[in-house]
Amino acid sequence: MLTVTLPDGSQLSVAEGATAGDVAAQIGPRLAKVAIAAVVNGETVDLNQPLHGNCGIELLTPKADDDRAMAVMRHSCAHVMAEAICRLFPNTKLVYGPAVENGFYYDIDLDRPLTPDDFEAIEKAMEAIVREDKPFTRVDLSRADAMPKLQAEGNRYKVDNAERADGDCLSFYVTGTQPGADFEDLCRGPHVPSTGRIGAFKIMQVSGAFYRGDPSEKQLQRVYGTTWPDKKALKAYLDQLEEAKKRDHRRIGTELGLYVIDPQVGPGMVLWKPKGAVLRKQLEEFILGELVKQGYKPVYCPHVGRLDLYRTSGHYPYYKDSQFAPIRMPDGEELLLKPMNCPHHIKIFQSDPHSYRDLPVRFAEFGTVYRYEQSGELAGMTRVRGFTQDDAHIFCTPEQLPQELDGCLRLVRLALETLGLKDYRVRLGLRDPASDKYIGGDAVWAQAEEAVRSAARNSGLRFSEEAGEAAFYGPKIDFVVRDCIGREWQLGTVQVDYNLPERFGLEYVGSDNAPHRPVMIHRAPFGSFERFVAILIEHFAGAFPLWLAPVQVAVLSISEKSAEYAQQVHGQLCDAGLRSELDVSAEKIGPKKHAARQQKVPYIVVVGEQEAQAGTVNVNDRDGKTLGTFALAEFIGRCQEEVRTRTLSS
RNA sequence: GCCGAUGUAGCUCAACGGUAGAGCACGGCUUUCGUAAAGCCGGGGUUGAGGGUUCGAAUCCCUCCAUCGGCUCCA
């Protein structure tokens, strides 16, 4: 007999050789009916796999919020889709089909491009396979038996996958019971017991994907699907996607008149319209206030520099491909649109001798930089070719580094907290030792990586370490957020750099009267205004807190009789430093309010003859709630206070 | 850059080989109105650009541009 321990700590005795499915049956018939897989000692396995020895076991049932259960169902669904595609297009070569968040994809090699028009037929075929309720049957083969079998199938991808797999045993999953006759696929598993257990699914899209992510390799077709326990959960997901699209900064940015990108100006070139500019200006002033408090010195630099500057910094040779081509003048001079602000700031630092007594030196600039991003990468304001960073460079002694890093991290967190952005993750970007895209030696990197790691640890933040995510000159701590459709973007960043001081030969005089090399920190709490504002638009769905709102108050007159008073109210609001907009048009109050709400104006002030007589304002919020009638002075005072404190919940 | 899709009025979309339309927005008029879109009238489009097929192209084909979703990239 074996003893299995359930998640609640209770124990059960089961026969030797029993399966997880048997355990489920022993617990109850209903569980046995709905369970689709099990977690045994932390590893997800098939229900029909025999248990070996005493173990902890948890049975997985299809729940939309159980990632482990859904990963199994989604992976099984990927197999079903693969089989469906192979039925419809017999010369399909299968490559790789994992579960991903909310669904799965399968990479296939097929001469004929699949288009959305094909989805319905594929889904129909999938439904048929699900209706057949075929069992997933695992077949384990030794490598010696498996490889010739795969070779015979003539699918180089599967052979390749098998060669890369660990262990002496390769597993295949047959959809059905007859290896050789039924559909089968090299696969680690696990799977749901049978195809009938797959809930509701939908094919979402098809796109190109390079084999093994290698652009020099063949481009495959990647078919994405989504899978849920039932139709209701699928619909909820699709509805949620629709809702998310309404938050898209590209949509709201247009609706609210915040920015525009004009192809004649150039793709990836953001034009900030007045309302967007107001918003950005508030952010700039907020950050600037903090910088002054923390001893940063503002500097300004031009947007170009001689190519030689970037040869020294390493930008030019190392990131030539993602820069705008150099500007070549008739006299042979070559200039580069700056891809980063650091070289200019370094030259400012270098223009004066520095004593250890001066350090740290902190140069701040809202510096605009230009990067030639690949055309396929451009996306609204999140990925652009010209953008302005809330940048700064700190030059300090090695001893000062921990404290300075701490200050930078606190600034990033303050920025995120002030805006109410809580849904972010922290990533330690380290060097990929196998890559040659970094400057500097191993020792310097080890030192820098240890500095960021201990800074991250001391901050108390939860973070993940990721190789290959470093800047070319040093490791970094990135604050990463998701946009409305789940894509991740780096916002705030703090980077340690021993390399550029070396390349530029930076020095300060130490207390020993000898020259020493400073360390640099590159940091940007927002990252770039373009990307940050894009994320803010989506975060607030356009309903910005009062201090950021392009228009803070809309003053609406009931009729012509109150137009003059409305004008007065508007004037006083403006005098009080509030951004007010006046609507005395010959419309009824309903449509006027509607228009103001559409524009997400935080406070909608209605004034009629009553208010005019009493010197009051009737205040409504953009959600349609009436907040009451206030003396104008009181309302102004409240607004000013709300702006001053940068209150979020307006 | 690569794969696929999509470009029609300021915005959202219709028309899918036979004379380009609607709603919202905009302008004018009527209404002067008390809180989630009043009524009427009007202006507005070489259908992204350029070629081609056809008696006839928004519609079919080609090239380019842009956008969208992925891939790759992201100092």
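Throughout, protein chains are lettered first and strands after them, A, B, ... in sequence-line order, and every chain is numbered starting at 1. Only this structure's heavy atoms are used, side chains among them; waters, hydrogens and symmetry mates stay out.
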Do [X] and [Y] sit within salt-bridge range, that is, some charged N less than 4.0 Å from a carboxylate O?
| X | Y | answer |
| --- | --- | --- |
| D483(A) | R250(A) | no |
| R383(A) | E373(A) | yes |
| K476(A) | E469(A) | no |

Would you indicate what [X] reaches in the nucleic acid, counting non-hydrogen atoms under 4.0 angstrom: base, sugar-phosphate, or nothing?
| X | result |
| --- | --- |
| G468(A) | nothing |
| D214(A) | nothing |
| Q598(A) | nothing |
| G213(A) | sugar-phosphate |
| A471(A) | sugar-phosphate |
| E587(A) | base |
| A470(A) | sugar-phosphate |
| I604(A) | nothing |
| P591(A) | sugar-phosphate |
| Y473(A) | sugar-phosphate |
| I558(A) | base |
| Y318(A) | nothing |

Drop me the distance from [X]'s [atom1] to [Y]'s [atom2], to the nearest 0.5 angstrom.
| X | Y | atom1 | atom2 | value |
| --- | --- | --- | --- | --- |
| N341(A) | D391(A) | CG | CG | 4.5 Å |
| L556(A) | I589(A) | CG | CD1 | 4.5 Å |
| M340(A) | H315(A) | CE | NE2 | 4.5 Å |

When the [atom1] atoms of [N] and [M] are considered, how many whole Å apart are they?
| N | M | atom1 | value |
| --- | --- | --- | --- |
| A20(B) | U46(B) | P | 13 Å |
| G18(B) | G69(B) | C1' | 36 Å |
| G48(B) | A9(B) | C1' | 14 Å |
| U59(B) | U19(B) | P | 14 Å |
| G7(B) | A25(B) | P | 25 Å |
| C71(B) | A58(B) | P | 37 Å |

Looking only at side-chain N and O atoms, does [X] come under 4.0 Å of OP1 or OP2 in [N]?
| X | N | answer |
| --- | --- | --- |
| R251(A) | U12(B) | no |
| S207(A) | C3(B) | no |
| R250(A) | G69(B) | yes |
| K561(A) | C33(B) | yes |
| K476(A) | A75(B) | yes |

(message) Quick check: on RNA chain B, is the nucleotide nearest R597(A) upstream (toward 5') of the one nearest D248(A), or the reverse? Name the residue that is more 5'.
(response)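 Result: R597(A).
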(request) Could you pick out which residue, E469(A) or L114(A), lies toward the 5' side of RNA chain B when each is mapped onto its nearest nucleotide? (result)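 Upstream on the strand: L114(A).
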What is the distance, rounded to the nearest whole Å, between atom [atom1] of [X] and atom [atom2] of [N]?
| X | N | atom1 | atom2 | result |
| --- | --- | --- | --- | --- |
| I485(A) | G69(B) | CD1 | C1' | 7 Å |
| K437(A) | C73(B) | NZ | P | 8 Å |
| E255(A) | G23(B) | CD | C1' | 15 Å |
| D483(A) | G69(B) | CG | P | 8 Å |
| L430(A) | A75(B) | CG | P | 13 Å |
| Y438(A) | A75(B) | OH | P | 8 Å |
| Y565(A) | G34(B) | OH | P | 18 Å |
| D107(A) | G4(B) | CG | C1' | 14 Å |

(request) Report the residue from F472(A), W445(A), Y473(A), Y498(A) that forms a ring-ring contact (aromatic ring centres under 6.0 Å, His included) with Y438(A). (result)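 It is W445(A); the other options fail the test.
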Do the side chain of [X] and the main chain of [Y] share a donor and acceptor less than 3.5 angstrom apart?
| X | Y | value |
| --- | --- | --- |
| R371(A) | P339(A) | yes |
| E404(A) | L401(A) | no |
| D118(A) | T115(A) | yes |

(request) Tell me, please, whether Y105(A) has R222(A) positioned over its six-membered ring: NZ or CZ under 6.0 Å from the ring centre and within 45 degrees of its axis? (result)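 Yes - R222(A) lies over the ring of Y105(A), closer than 6.0 Å to its centre and within 45° of its axis.
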Between [options], which nucleotide gets closest to the side-chain atoms of [X]?
| X | options | answer |
| --- | --- | --- |
| R487(A) | G34(B), G69(B), C11(B) | G69(B) |
| R222(A) | G70(B), C33(B), G34(B) | G70(B) |
| R383(A) | C74(B), U31(B), A75(B) | C74(B) |
| E611(A) | G4(B), G34(B), A75(B) | G34(B) |
| Q205(A) | G69(B), U35(B), G4(B) | G69(B) |
| Y224(A) | C71(B), A75(B), C33(B) | C71(B) |
| E609(A) | A75(B), G34(B), U32(B) | G34(B) |
| P267(A) | C74(B), C11(B), U67(B) | U67(B) |

(message) Dot-bracket for RNA chain B, please. Rules: Watson-Crick or G-U, both distances under 3.5 Å, ( ) within the strand, [ ] when a pair crosses earlier ones, | for another strand, . otherwise.
(response) (((((((..((((....[..)))).(((((.......))))).....(((((..]....))))))))))))....
Regarding [N], can its base be found pairing with the side chain of [X] as donor and acceptor, where the two atoms are less than 3.5 Å apart?
| X | N | answer |
| --- | --- | --- |
| H594(A) | A37(B) | yes |
| E373(A) | G1(B) | no |
| T115(A) | A5(B) | no |
| R371(A) | C74(B) | no |

(request) For F472(A) and A75(B), say yes or no: do the ring centres fall under 5.5 Å of each other while the ring planes differ by less than 30°? (result)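 F472(A) ring does not meet the centre or angle cut-off for A75(B); no stack.
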(request) In sequence, state the C-alpha distance, the side-chain angles, and the governing distance for Y370(A) and H303(A), and then conclude on ring-ring contact (aromatic ring centres under 6.0 Å, His included). (result) CA-CA 9 Å; Y370(A) 300 89; H303(A) 288 204; 5.7 Å; yes
